[in-house]
Amino acid sequence: MSFCKVPIPEEDARVVFEVLKRGGIAIIPMNVGYGITAIDPDALDRVFRIKRREPHKRHAMVGSYALHQDIHALPPQEAGMVKLLTVDLELPLGIVAPYRLDHPIVQKLPPNLLSQSVVGDSLAMLVNGGGLLDELSRLAALEKLALLGSSANITGKGTKTVVEDIEPEILEVADIVIDYGRQKFHHPRASSTMIDFSTMKVVRYGACYNVVQDALWRFYGIKVPDDHGTSILSPGQTCANTT
């Protein structure tokens, strides 16, 4: 099933959520490129296989600022940085941070799925992926379900900003595809900038990185490296739009 119509994020999110709850797989727009997501562990395994991902790769949570506040545990300064970037500046961002093991969504994850989604005490989450993702995250959180996924492409082939560029085998595994046309955040490259806020280490250079870099220096005096054009991803970490 494929949608190609005028976007109605709240309505589309409800349709996608019903598909995911039945064990389905969805390809959805994420502002920084198209992502592939699921809730069911078997569906997530199918996504891993079709993407040809290496075993050490992790699922990431597709979330929102509200869910980040609930699940992540950061000191006040680092929490303020996240708010600045995602709320005040409205930037898409992959947040790597310690998570609350006692959170109901985390508690509900099967142990094997939890181990595939965290590294040590840290969990990656995409925030500000767009209106559809915000609503989808809200619906999943109401039912204490983790929405997990990665970018809709073969591993190493790059995040896709239009559905037409997604590899056929990736499209075929999806039970629903939501096509919102070309996604807007792709400079200096598609996929989300990702930062580990425990160490202030750049895990991945992605969309809007130059804005993130400037804001951290301008408002917090924190200097992060220049992007020299190489996508960096630390072993074991991933985000919703990781290639």
Side-chain angles (χ1 to χ4, degrees), residues 28-35 57-58 60-69 72 74-97 119 122-134 137 149-153 155-163 165-166 180-243:
I28 51 179
M30 290 186 168
N31 269 353
V32 290
Y34 280 83
K57 296 286 189 179
R58 293 292 186 263
M61 193 168 290
V62 180
S64 64
Y65 179 70
L67 188 61
H68 148 74
Q69 286 185 301
H72 282 149
L74 284 173
Q77 176 169 286
E78 286 74 12
M81 294 177 197
V82 173
K83 178 180 180 297
L84 168 70
L85 296 173
T86 63
V87 177
D88 302 328
L89 299 181
E90 300 181 326
L91 299 174
L93 187 67
I95 302 165
V96 179
V119 176
S122 294
L123 171 75
M125 182 186 299
L126 174 65
V127 170
N128 278 1
L132 187 149
L133 260 67
D134 285 346
S137 175
S150 58
S151 55
N153 55 268
T155 298
K157 298 299 184 181
T159 303
K160 313 305 182 188
T161 59
V162 292
V163 166
D165 288 344
I166 299 172
Y180 278 9
R182 188 171 299 277
Q183 294 304 286
K184 60 184 176 181
F185 290 119
H186 52 79
H187 178 77
R189 60 182 62 79
S191 80
S192 60
T193 289
M194 185 187 298
I195 295 178
D196 186 333
F197 284 88
S198 294
T199 61
M200 293 312 299
K201 178 181 179 181
V202 179
V203 179
R204 182 176 61 208
Y205 300 107
C208 305
Y209 179 74
N210 55 338
V211 183
V212 171
Q213 181 188 44
D214 178 77
L216 290 175
W217 173 248
R218 186 179 300 271
F219 299 108
Y220 283 93
I222 292 176
K223 186 167 181 59
V224 292
D226 291 336
D227 177 6
H228 295 295
T230 302
S231 181
I232 293 177
L233 186 67
S234 296
Q237 287 288 10
T238 182
C239 188
N241 277 7
T242 296
T243 60

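Between the side chain of Thr193 and the backbone N or O of Ala207 there is at least one donor-acceptor pair closer than 3.5 Å. Judged purely by atom type and a 3.5 angstrom limit, Asn128 uses its side chain to pair as donor or acceptor with the backbone of Thr86.
Here the closest non-hydrogen pair linking Gly181 and Tyr34 is O-OH, 2.6 Å. Summarising the geometry of Ser198 relative to Asp196, their closest heavy-atom pair is N-OD1, 2.9 Å, with the distance given to 0.1 Å.
Remark: Ser64 engages no residue in a side chain to side chain donor-acceptor pair (under 3.5 Å) (not counting sequence neighbours). Not a single side chain to side chain donor-acceptor pair (under 3.5 Å) links Lys184 to another residue, sequence neighbours left out. Under the side chain to side chain donor-acceptor pair (under 3.5 Å) criterion, Asp214 pairs with Arg218, sequence neighbours left out.
In this structure, Leu216 and Leu85 have side chains that are in contact, with non-hydrogen atoms separated by less than 4.5 Å. Side chains of Gln183 and Thr159 form no contact here, defined as non-hydrogen atoms less than 4.5 Å apart. Looking at heavy atoms from C-beta onward, Arg204 lies in side-chain contact with Ser192 at the 4.5 angstrom threshold.
Legend: salt bridge (Lys or Arg N to Asp or Glu O under 4.0 Å) pairs involving residues 122-134, not counting sequence neighbours: none detected.
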Please tabulate, for side-chain N and O atoms in residues 87-97, each donor-acceptor pair with protein atoms closer than 3.5 Å (sequence neighbours left out).
unit_1 : atom_1 : unit_2 : atom_2 : d
Asp88  : OD1    : Lys83  : NZ     : 3.1

Just list the side-chain donor-acceptor pairs under 3.5 Å for residues 219-226, sequence neighbours left out, or say none.
unit_1 : atom_1 : unit_2 : atom_2 : d
Tyr220 : OH     : Gly80  : O      : 3.4
Tyr220 : OH     : Met81  : N      : 3.4
Asp226 : OD1    : Gln213 : NE2    : 2.8

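Using bins of under 30°, 30° to 60° and over 60° for the plane-to-plane angle, the ring pair His68/Tyr65 lands in the tilted bin.
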